[in-house]
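One structure below.
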Amino acid sequence: SETSTPELIQVRTEGRVGIVTLNRPKQLNALNDQLMNELGAALKAFDADDGIGCMIITGSEKAFAAGADIGAMATYSFADVYKGDYITRNWETIRSIRKPIIAAVSGFALGGGCELAMMCDFIIAADNAKFGQPEIKLGIIPGAGGTQRLPRAVGKAKAMDLALTGRMMDASEAERSGLVSRVVPLDKLMDEALGAALQISQFSQMAVMAAKECVNRAYEGTLADGVMFERRLFHALFATEDQKEGMDAFVNKRAANFKHA
Ligand code: HXC
């Protein structure tokens with residue numbers, strides 16, 4: 001629940017960065033309802049906190065998340081999942097978060113784990129990361145956007161290949177094909193993700209939120225609509241103090257100091 005202490009995630013902050021570590025290591029961070037509820041609540045709390053400008057979701061060395069919890073799903077009927085909206089019900093929360101979320105992925109990101117990573121704004125991968133949508137092997141298909149976000153990220157050919165064969169893609173293939181933005185050695189993963197998140201968290205929060213909204217518009221809509229949407233938000237940012245501060249700082253050759261509350 002939203003108020004009790006989370007059990008299946010760990011939550012901490014570093015400067016203006018909120019970090020959620022998925023913490024069901026023995027089950028390779030298999031995503032059950034409780035874990036997804038805790039994750040959603042933690043992200044919402046960070047989103048509402050003026051002291052936080054960016055978030056990171058990460059897992060263990062061996063697994064970001066090996067998917068939705070197969071044991072929990074195994075006996076569900078159609079009526080169970082359709083009426084109760086089990087499994088997928090609390091996933092939309094992540095999409096509603098307005099500050100950036102970086103997925104720092106090491107080890108397995110499979111099924112719902114890959115989908116969770118793709119719901120984040122970008123993915124930084126360790127060199128041992130493995131991505132895949134192996135649902136087909138279980139007699140199902142991806143259920144949290146895998147068949148939609150994967151082709152947008154890597155194109156139809158690779159998305160079909162992965163969804164139909166269930167094979168895994170390693171970190172270098174994932175970077176080559178555009179699924180991840182950076183690949184780093186495993187022991188540098190959190191430094192890299194935290195460096196990016198700390199940087200983002202220092203910028204104008206409104207500009208950061210607008211940039212996220214605009215890039216998502218490109219991902220989800222048409223070019224003409226996206227260009228108009230971008231123009232409106234671009235113009236709107238000239239109403240912020242942060243724009244005055246950022247440009248004055250540049251002109252006067254000093255560091256910008258953005259207000260975050
Ligand atoms: C429940 C899981 C799990 C999962 C692993 N475990 N993945 N439990 N749900 N998705 C558990 C195993 O049962 C095992 O528990 C322990 O974690 C360690 O896993 P092993 O298989 O022993 O490890 P290893 O041999 O290293 O193999 C790793 C692996 C494999 C390749 C990742 O675990 C695997 O194939 N997992 C399933 C991946 C998958 O199919 N994901 C898609 C799920 S469907 P015990 O108790 O035996 O030690 C899905 C739908 C999304 O995600 C819907 C979106 C809402």
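Whatever order the structure lists ligands and atoms in, that order sets their numbers, starting from 1. All values below come from the heavy atoms of this structure, side chains included, with hydrogens, waters and symmetry mates left out.
When heavy-atom distances to ligand 1 are checked against a 4.0 Å cut-off, L138 comes that close only through its side chain, counted from C-beta outward. Proximity of A66 to ligand 1, defined as any heavy-atom pair under 4.0 Å, is shared by backbone and side chain alike. By the criterion of a heavy-atom distance under 4.0 Å, the side chain of P134, and not its backbone, is placed next to ligand 1.
Looking at G143 next to ligand 1, no N or O pair under 3.5 Å apart turns up. Considering both main-chain and side-chain atoms, K62 comes within under 3.5 Å of ligand 1 through a nitrogen or oxygen pair. The shortest N or O to N or O distance between F108 and ligand 1 is not under 3.5 Å. Here's the thing with A144: none of its N/O atoms is less than 3.5 angstrom from an N/O atom of ligand 1.
The shortest heavy-atom distance from Q133 to ligand 1 is not under 4.0 Å. Within the 4.0 Å heavy-atom shell around ligand 1 one does not find P142. Distances shorter than 4.0 angstrom occur between a heavy atom of K26 and an atom of ligand 1.
Annotation for R231: atom CZ does not count as buried by contact number, only 12 or fewer foreign heavy atoms lying within 6.0 Å.
The presence of a protein heavy atom under 4.0 Å from atom 52 (O) of ligand 1 is confirmed. Distance screen at 4.0 Å: atom 10 (N) of ligand 1 has a protein heavy-atom neighbour inside the cut-off. Put simply, atom 13 (O) of ligand 1 has no protein non-hydrogen atoms near it, under 4.0 Å away. Protein heavy atoms all stay at least 4.0 Å away from atom 22 (O) of ligand 1. Distance remark: protein heavy atom not present below 4.0 angstrom from atom 47 (O) of ligand 1. Shown here, atom 6 (N) of ligand 1 is in close reach of the protein: a heavy atom of it lies under 4.0 Å off. In this structure, atom 1 (C) of ligand 1 has a protein heavy-atom contact shorter than 4.0 Å. When distances from atom 44 (S) of ligand 1 to the protein are checked, a heavy atom turns up under 4.0 Å.
Interface atoms of ligand 1 facing M73, defined by a heavy-atom separation under 4.0 Å, are 44 (S). Interface of G111 with ligand 1, defined as ligand atoms under 4.0 Å from a residue heavy atom, comprises 42 (C), 52 (O). Under a 4.0 Å criterion applied to the non-hydrogen atoms of G112, ligand 1 contributes the atoms 49 (C), 51 (C), 52 (O). Of all atoms in ligand 1, numbered sequentially from 1 with element shown, those under 4.0 Å from a heavy atom of E135 are 44 (S), 49 (C), 50 (C), 51 (C), 52 (O). Each of the following atoms of ligand 1 lies closer than 4.0 Å to a heavy atom of W91: 55 (C).
The protein atom (non-hydrogen) at minimum distance from atom 8 (N) of ligand 1 is A30 CB, 4.0 Å. Closest to atom 37 (C) of ligand 1 among all protein heavy atoms lies I70 CD1, 3.8 Å.
Of the candidates L110, I141, I140, the one placing a heavy atom closest to atom 32 (C) of ligand 1 is L110. The residue from N29, L116, L28 that puts a heavy atom closest to atom 28 (C) of ligand 1 is L28.
Using a 4.5 Å heavy-atom cutoff, the side chains of L194 and I19 are in contact. Residues H260 and M206 have side chains not in contact (no heavy-atom distance under 4.5 Å, counting atoms from C-beta outward). The side-chain heavy atoms of M168 and F131, taken from C-beta on, include no pair separated by under 4.5 Å.
Inspection of the D225 and T222 side chains reveals no N or O donor paired with an N or O acceptor under 3.5 Å.
At distances below 3.5 Å, not a single donor-acceptor pair connects side-chain atoms of R232 with backbone N or O atoms of M228. Judged by distance alone, the side chain of T13 and the main-chain N or O of G15 form no donor-acceptor pair under 3.5 Å. In this structure, E230 contributes its side chain and C214 its backbone to no donor-acceptor pair below 3.5 Å. Between the side chain of K212 and the backbone N or O of I97, at least one donor-acceptor pair lies under 3.5 Å.
Relative ring orientation between F238 and F234 is described as perpendicular, the plane-to-plane angle rising above 60° on a 0-90° scale split at 30° and 60°.
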(request) Check the pair E92 / R95 against salt bridge (Lys or Arg N to Asp or Glu O under 4.0 Å), numbers first and verdict last. (result) CA-CA 5 Å; E92 290 296 309; R95 249 170 65 87; 3.2 Å; yes
(request) With side-chain hydrogen bond (donor to acceptor under 3.5 Å, both in side chains) as the test, would you mind laying out the steps for N37 and D33 before giving the verdict? (result) CA-CA 6 Å; N37 279 334; D33 262 3; 5.6 Å; no
(request) For R182 and E175, run salt bridge (Lys or Arg N to Asp or Glu O under 4.0 Å): C-alpha distance rounded to whole Å, both residues' side-chain angles, the deciding distance at 0.1 Å, then the answer. (result) CA-CA 7 Å; R182 316 180 190 182; E175 186 184 31; over 6 Å; no
(request) Start with the C-alpha distance between E173 and K130, add both sets of side-chain angles, then the distance that settles salt bridge (Lys or Arg N to Asp or Glu O under 4.0 Å), and finish with yes or no. (result) CA-CA 9 Å; E173 186 180 358; K130 290 207 181 296; over 6 Å; no
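By the criterion of side-chain heavy atoms lying less than 4.5 angstrom apart, applied directly or through intervening Ile, Leu, Val, Met, Phe, Trp or Tyr residues, I101 is grouped together with L35 in one hydrophobic cluster. Note: the hydrophobic cluster containing V154 also contains L116 (ILVMFWY, side chain heavy atoms under 4.5 Å, direct or indirect links).
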